[in-house]
Amino acid sequence: MPVLQRVVTWARIKSPWILHFNSGACNACDIEIIAALTPKYDIERFGIQLKATPRHADVLVCSGPVTRQVQDRLVRIYEQMAEPKFVVACGTCACSGGVFQGCYNVMQGIDAVLPVSAYIPGCPASPPAIIDGVVKLLTSLKA
Amino acid sequence: MDWSWLLSPPTAFLVILGAGVCVFGVFSSLALRKGRTGAGAKPYACGEETPDQQVQPDYSQFFPFAFFFTILHVVALMTTTMQVGAAATLYIALIYVLGGFVGLSVLYRR
């Protein structure tokens with residue numbers, strides 16, 4: 001039923017619930033992610049809600065390079081998300097390891113551990129950049 | 001012919017049951033077939049691994065008794081509060097009793 005599938009896809013695009021996870025970041029990207037959720041930047045106008053459990057989340061917004069200590073936890077949380085699920089790497093550290101690239105204790109970015117759907121560069125990633133990245137992810141879902 | 005039986009609770013129940021089955025069938029076709037494996041089947045604990053407990057007491061053993069009482073209770077209430085003298089009363093009462101029998105058979109089939 002293509003019509004029903006289109007309706008379901010439309011509903012998913014209009015209401016992507018996110019789970020924020022810090023996988024070893026310095027907290028700057030976390031602050032910007034929270035700032036994007038506040039009324040000034042209002043990323044909630046896209047139907048985005050911050051959830052506290054992966055069971056309810058569609059998108060995992062990850063900051064920081066994946067430290068070896070948090071790697072198992074991150075994978076476990078990703079597996080506990082329901083399908084369809086997406087991962088957004090927020091910040092330069094999450095994209096490629098950033099200033100910690102080559103360090104002994106990090107995995108050099110989220111895509112070393114999980115399949116990433118969108119990359120948002122920046123140190124930290126500014127709220128407009130976060131909004132731009134999220135909108136591009138939602139636009140790619142339409143296709 | 002008297003069509004008031006269309007407004008009776010059994011008819012409404014069957015209509016709503018059919019609608020529910022249709023909705024379930026339509027949307028279950030959209031659901032992904034992949035089941036939960038690995039950490040997905042375990043409780044959420046902020047990413048930490050939770051050890052399985054050897055003894056997990058719950059109230060599932062109470063369910064057969066609760067459902068037995070519920071089914072018989074509803075059947076008794078519906079049959080005793082029906083209008084006396086109505087043409088379809090006997091048939092509706094028989095349907096209720098039959099439904100209760102089927103429900104209890106399903107409940108205690110093992």
Side-chain angles (χ1 to χ4, degrees), chain A residues 1-15 17-25 30 50-87 94 107 110 113-115 141, chain B residues 6-7 9-67 70-71 99 102-103 106-107 109-110:
Chain A
M1 285 175 277
V3 174
L4 196 56
Q5 192 63 44
R6 284 177 61 184
V7 171
V8 170
T9 303
W10 169 85
R12 283 177 177 152
I13 290 170
K14 292 294 181 182
S15 176
W17 289 1
I18 65 172
L19 174 71
H20 168 233
F21 188 80
N22 180 334
S23 61
D30 306 326
L50 184 66
K51 306 307 286 184
T53 168
R55 306 287 188 194
H56 297 175
D58 304 304
V59 182
L60 177 62
V61 180
C62 237
S63 60
V66 182
T67 62
R68 296 188 185 277
Q69 184 185 24
V70 86
Q71 178 187 359
D72 291 340
R73 280 106 177 144
L74 178 60
V75 171
R76 211 167 281 133
I77 283 177
Y78 179 76
E79 289 179 354
Q80 288 175 349
M81 288 173 67
E83 297 280 350
K85 52 191 173 185
F86 308 94
V87 178
M107 300 298 295
I110 307 292
V113 179
L114 300 175
L141 297 179
Chain B
L6 286 172
L7 298 174
T11 311
F13 175 75
L14 288 173
V15 169
I16 293 172
L17 184 67
V21 168
C22 290
V23 169
F24 177 79
V26 166
F27 286 102
S28 64
S29 65
L30 296 170
L32 296 168
R33 294 286 171 259
K34 191 173 153 182
R36 294 201 174 274
T37 55
K42 292 205 164 190
Y44 169 62
C46 302
E48 297 293 331
E49 190 167 357
T50 54
D52 293 329
Q53 295 183 353
Q54 288 189 343
V55 177
Q56 292 180 340
D58 59 7
Y59 44 81
S60 61
Q61 293 178 353
F62 177 69
F63 282 155
F65 300 97
F67 290 143
T70 301
I71 291 170
V102 170
V106 171
L107 185 64
R109 66 187 185 280
R110 44 185 172 81

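Here is how names work: the chains are called A, B, and so on, in the same order as the sequence lines, proteins then strands, and each is numbered from 1.
- Contact annotation for A:A52: only backbone heavy atoms (N, CA, C, O) come within less than 4.5 Å of a heavy atom of chain B.
- Heavy-atom minimum distance, A:Q80 versus B:Y44: OE1-CD1, 3.2 Å.
- Atom CD of B:E48 is surrounded by more than 12 heavy atoms from other residues, nucleotides or ligands within 6.0 Å.
- Of all the listed residues (A:R73, A:E79, A:M81), the one sharing the greatest number of non-hydrogen pairs under 4.5 Å with chain B is A:R73.
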